[in-house]
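Start at 1 with the first residue, then count along the sequence.
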Amino acid sequence: MDVNPVRSHSNEKQPLEHSTSTNGEHEHTEKEKSASVFINHAAIAWHESRRKWTGDQSQQPERMIKDPIISWSTTYEELLSTHEPFSEPIPLPEMVDFLVDIWHDEGLFD
């Protein structure tokens, strides 16, 4: 029983025979690399869903600047002393501006 000492140790490095690659193999490898580019399908789906929800922003007219709902002469007590709902919703930026102005007047906001 002959044992080939070169083939008996599978974890030894073996010299590669016919290790030259052809242009076809090189092109095939390049195609595999370009085909294996990561595509984030979840991000694409999220953007499509967001576009459906918000609509095409380029087609929407610019928002008209509305007059403020809270009068410039309204006081904090006038605004919050009643339990009645506001006549219309007050946009958050307007409410924040109102409260910051009040806090500045009272020395509570630097």
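- No donor-acceptor pair closer than 3.5 Å links the side chain of Glu106 to the backbone N or O of Trp103.
- Here His47 contributes atom NE2 and Arg51 contributes atom CZ; the two are 8.0 Å apart, rounded to the nearest 0.5 Å.
- With hydrogens and angles disregarded, no donor-acceptor distance shorter than 3.5 Å links the side chain of Ser49 to the backbone of Ala45.
- Residues Ile44 and Trp46 fall into different hydrophobic clusters, defined by Ile, Leu, Val, Met, Phe, Trp and Tyr side chains chained together at heavy-atom separations under 4.5 Å.
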*asked:* Under the criterion side-chain contact (heavy atoms from CB on, under 4.5 Å), I'd like the reasoning laid out for Arg50 against Trp53: C-alpha separation, chi angles, the key distance, then a yes or no.
replied: CA-CA 5 Å; Arg50 183 179 188 279; Trp53 180 263; 5.5 Å; no

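- The line from OG1 of Thr75 to CD of Glu78 is 3.5 Å long, rounded to the nearest 0.5 Å.
- A donor-acceptor pair under 3.5 Å links the side-chain atoms of Ser81 to the main chain of Glu77, judged by distance alone.
- Put simply, the side chain of Tyr76 reaches to within 4.5 Å of the side chain of Leu99, judged on heavy atoms.
- Residue Val96 is grouped with residue Leu79 when hydrophobic side chains (ILVMFWY) are merged at heavy-atom distances under 4.5 angstrom, including chains of intermediate members.
- Within the model, atoms CD1 of Ile102 and CG of Leu108 stand 10.5 Å from one another, a figure rounded to the nearest 0.5 Å.
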*Could you walk me through whether Phe86 and Ile69 pass the side-chain contact (heavy atoms from CB on, under 4.5 Å) check?*
CA-CA 10 Å; Phe86 299 121; Ile69 296 170; over 6 Å; no

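- Under the 4.5 Å side-chain criterion, counting only non-hydrogen atoms from C-beta, Phe38 is in contact with Asn40.
- We find the CG-CD1 distance between Asp101 and Ile70 to be 10.0 Å, quoted to the nearest 0.5 Å.
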